[in-house]
2 protein chains.
Amino acid sequence: MTPPSGDASSGRGTGAYAGPAKRATILDVAAAAGVSRQTVTRAMNAMPGIRRETRQRVQDVARELGYTPSRFAKGLVQGARTSVGLSIPDLTNPYYPAFASSVVELATQRGWHVVMDDYGHGGATGAESVEHLAPQVDALIGYLGGATDEAQAILGRRPLVVLDQPAGSASGRISFDYGHAAQAALGHLQARGCRHLAYIDRADSEAGRATVAPGHRGERGHASGSAQEVVTARGQAFARSAAAAGVVLAVSVSPESAADARQVTRRLLEEHPRTDGIVVFNDLMAAGALKALAESGRAVPADCAVIGMDGIPLGELLTPELTTLALDLREVGRAAVELLDGLLTGSIEPGGPGSELVLRHRLVLRQSA
Amino acid sequence: MTPPSGDASSGRGTGAYAGPAKRATILDVAAAAGVSRQTVTRAMNAMPGIRRETRQRVQDVARELGYTPSRFAKGLVQGARTSVGLSIPDLTNPYYPAFASSVVELATQRGWHVVMDDYGHGGATGAESVEHLAPQVDALIGYLGGATDEAQAILGRRPLVVLDQPAGSASGRISFDYGHAAQAALGHLQARGCRHLAYIDRADSEAGRATVAPGHRGERGHASGSAQEVVTARGQAFARSAAAAGVVLAVSVSPESAADARQVTRRLLEEHPRTDGIVVFNDLMAAGALKALAESGRAVPADCAVIGMDGIPLGELLTPELTTLALDLREVGRAAVELLDGLLTGSIEPGGPGSELVLRHRLVLRQSA
DNA sequence: TGATTTTCCGTGAACGTTCACGCACCTGTC
DNA sequence: GACAGGTGCGTGAACGTTCACGGAAAATCA
């Protein structure tokens with residue numbers, strides 16, 4: 001009968017937080033209410049077999065003591081509510097929030113909890129993120145940037161769904177058909193009459209690095225950035241697709257930000273002044289490219305057409321509005337959650353049929369091309 | 001000595017997820033390795049007092065059996081690692097990701113876990129979000145849209161930090177000095193020579209509704225939207241500030257999206273063709289306003305200046321680049337986490353001094369005003 | 001050799017909750 | 001007045017892990 005924290009009169013009536021005093025347990029409540037554990041359980045969980053007034057009294061005492069059932073004890077005895085980790089490199093990049101939002105929504109619908117990590121800002125890697133999340137979750141969805149195998153090793157038998165990664169040991173995988181995307185974009189530009197094409201790739205980051213087979217560097221064009229080769233899966237697809245179509249493609253490389261892409265585009269236009277069609281790694285970088293084009297006095301799309309990639313909402317707000325290879329990001333989230341659901345329920349075999357999904361970009365024509 | 005799942009030879013070598021079979025416990029591992037519980041614990045947690053080869057053998061067996069320590073049992077005996085809930089109405093709105101990213105980063109630095117909920121898309125309310133998160137977390141940070149008291153009641157004594165909400169029973173609160181923001185924006189427009197000002201408010205949502213004292217509807221100007229009154233705290237501040245400065249302010253109301261704001265701005269310009277300075281509820285809506293101004297053939301800022309609010313990265317990518325009342329969203333996240341930290345450690349008293357923080361917007365001059 | 005430390009490992013207890021029972025009491029029914 | 005069937009509540013056991021011990025064997029030292 002010893003309330004664990006200060007006396008009740010010190011509170012401010014409503015249940016304001018009373019500091020990190022020792023937590024009240026179900027036994028404290030039981031003692032204070034003059035009942036047993038089980039009755040407290042019945043009162044707190046809306047179970048039958050308890051008199052109305054007893055329930056009320058117990059609830060009052062519980063509130064008074066600031067009692068909150070231990071999620072650990074509860075989980076231990078009841079079996080886990082599934083909680084999934086969501087590992088994302090940078091929420092600040094507008095690509096990810098739409099995806100994350102979709103995952104959270106659909107996970108919540110299934111009664112799951114989502115433990116989120118945004119690992120890019122602290123300079124951490126995907127593997128470190130998984131390491132941080134692993135002890136807390138039953139499964140994981142993530143853009144891990146090349147750490148697939150390490151991540152699956154950390155998770156052991158727990159399902160892992162990776163996005164935009166080459167094949168690996170992950171239980172499930174969602175990837176994108178960049179060949180299709182490249183053909184659609186380059187084809188559209190050619191049909192428009194563009195003859196001097198360029199592609200601006202994202203600079204080396206962990207993501208996609210594993211896709212570059214050693215010794216095979218892609219058919220690269222002219223690197224105007226810092227003379228780096230094409231490193232991303234997207235870049236490779238564009239290089240291949242251009243080569244197959246007999247098109248010359250100037251390739252530049254930029255870190256992932258609009259400001260960087262702006263600079264790189266500026267240099268690209270100096271070195272290749274006749275460029276009349278540009279595809280950019282993603283919409284954010286495309287926004288930077290548009291800026292550079294405007295600065296150089298070029299009209300878009302009249303002098304130079306621009307196609308972005310991913311289809312984030314930002315594109316519609318730019319001037320001119322951005323033509324883009326759009327991905328329905330909510331759909332990507334849905335695919336990831338449903339795949340994970342299948343893996344959790346056992347209806348999909350890890351690494352087996354149905355555990356790999358390939359999604360396609362859709363060319364959305366707006367003003368810029 | 002009975003492995004809980006299928007025989008080991010059925011696995012594919014590397015630890016691929018083997019389906020939702022009954023989980024292996026520490027005892028299974030101990031039996032299979034021929035040691036005791038405690039030795040398994042020592043092996044798994046890098047504790048001293050175990051022979052190198054024993055550790056290795058136990059770890060191998062653990063991997064073989066797909067053993068993952070129960071976070072519930074662990075949490076129960078070790079005392080909780082704190083996990084905080086993060087409740088956000090809409091990750092799709094570019095305002096929130098930057099904030100969320102900052103919260104996740106700083107929480108992770110402290111060894112906390114972040115359980116995220118994005119409650120807007122399912123049509124849920126802030127209170128429902130808290131209800132969903134509550135059993136899983138030790139504290140909560142959130143943009144709850146008016147459900148402050150209900151949320152604190154659900155959480156009991158656990159700390160709650162609410163953002164952009166009027167005073168309530170929350171343990172901690174972070175709010176914004178909209179009076180200051182309004183003066184800065186209107187002052188700047190006046191100094192620029194703008195004489196016919198307008199403010200585009202966000203339409204009624206739960207957020208901020210509680211700030212409208214019954215009977216006091218703010219000195220509203222001309223509502224060109226659907227004749228609604230000013231409902232947000234921001235709107236009230238602008239109305240008050242305009243009245244104090246003797247400025248006429250046309251007020252329109254729009255749902256929160258760039259497309260909606262575009263339509264509303266179009267109507268505003270029809271009804272008030274001489275408008276030469278507009279402040280918009282947030283940057284996203286301001287992007288829509290810019291679109292409408294361009295459509296109407298007006299030059300920005302020459303014919304009409306525009307000021308947005310919040311300072312999301314989008315603003316820099318628009319044409320013209322958006323002048324805005326910027327908030328450092330990472331700073332907001334930092335404030336929230338530090339406040340929560342203080343509440344958790346007890347160095348800040350809930351509702352006491354230091355539990356309420358007021359942040360100010362800073363006028364960032366770019367091209368649009 | 002015997003005493004002392006060190007290394008390695010095992011056993012009881014505890015964390016806080018729910019589940020499966022079982023017991024006591026009340027309300028009818030024949 | 002005994003029996004059946006509820007209603008309301010309490011007690012042992014179990015969930016899976018770590019902590020605090022304690023003990024045996026091995027290593028070290030006098």
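Every chain is numbered from 1, with letters handed out A, B, ... down the list of sequences.
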In whole Å, I'd like the distance from the [atom1] atom of [X] to the [atom2] atom of [N].
{"X": "A:Ile26", "N": "C:dC15", "atom1": "CD1", "atom2": "P", "value": "14 Å"}
{"X": "A:Leu76", "N": "C:dC15", "atom1": "CG", "atom2": "P", "value": "14 Å"}
{"X": "B:Arg52", "N": "C:dC9", "atom1": "CZ", "atom2": "P", "value": "13 Å"}
{"X": "B:Leu65", "N": "D:dG16", "atom1": "CG", "atom2": "P", "value": "14 Å"}
{"X": "A:Phe72", "N": "C:dT18", "atom1": "CZ", "atom2": "C1'", "value": "17 Å"}
{"X": "A:Tyr67", "N": "C:dT17", "atom1": "OH", "atom2": "C1'", "value": "7 Å"}
{"X": "A:Arg23", "N": "C:dT17", "atom1": "CZ", "atom2": "C1'", "value": "11 Å"}
{"X": "B:Lys74", "N": "C:dA14", "atom1": "NZ", "atom2": "C1'", "value": "17 Å"}

* **Carboxylate-amine/guanidinium proximity below 4.0 Å for A:Asp60 and A:Arg57** => no
Under the rule for side chain to side chain donor-acceptor pair (under 3.5 Å), what residues qualify as partners of [X], not counting sequence neighbours?
{"X": "A:Ser355", "result": "none"}
{"X": "B:Tyr119", "result": "none"}
{"X": "A:Glu150", "result": "none"}

* **Side-chain N or O of A:Ser70 closer than 4.0 Å to phosphate OP1/OP2 of C:dC15** => no
* Asked: Between B:Val77 and B:Arg55, which is nearer to the 5' end of DNA chain C once each is assigned its nearest nucleotide?
  -> B:Arg55
* Distance-only donor-acceptor check, side chains A:Ser129 and A:Asp117, under 3.5 Å -> yes
* Side-chain contact, heavy-atom cut-off 4.5 Å: A:Ile141 with A:Leu163? -> yes
* Asked: Taking the side chain of A:Ala73 as heavy atoms from C-beta outward, which of C:dC19, C:dT17, C:dG10 is closest to it?
  -> C:dT17
* To do: Please collect all salt bridge (Lys or Arg N to Asp or Glu O under 4.0 Å) contacts where either partner lies in residues 71-90 of chain B, sequence neighbours excluded, each pair once.
  => A:Asp138-B:Arg71
* B:Thr68 and B:Arg23: CA distance, side-chain angles, deciding distance, side-chain hydrogen bond (donor to acceptor under 3.5 Å, both in side chains) verdict -> CA-CA 8 Å; B:Thr68 306; B:Arg23 279 177 56 142; 5.4 Å; no
* Asked: Between the two ends of the helix from C:dT1-D:dA30 to C:dC30-D:dG1, what is the bend in degrees, rounded to 10 degrees, where each end axis spans five pairs?
  -> 50°
* Structure fact -> So CG of A:Leu140 and CD of A:Gln152: to nearest 0.5 Å the spacing works out to 9.5 Å
* Asked: Do any of residues 36-51 of chain A sit with a heavy atom less than 4.0 Å from DNA chain D, and if so which?
  -> A:Ser36, A:Arg37, A:Gln38, A:Thr39, A:Arg42, A:Gly49, A:Ile50, A:Arg51
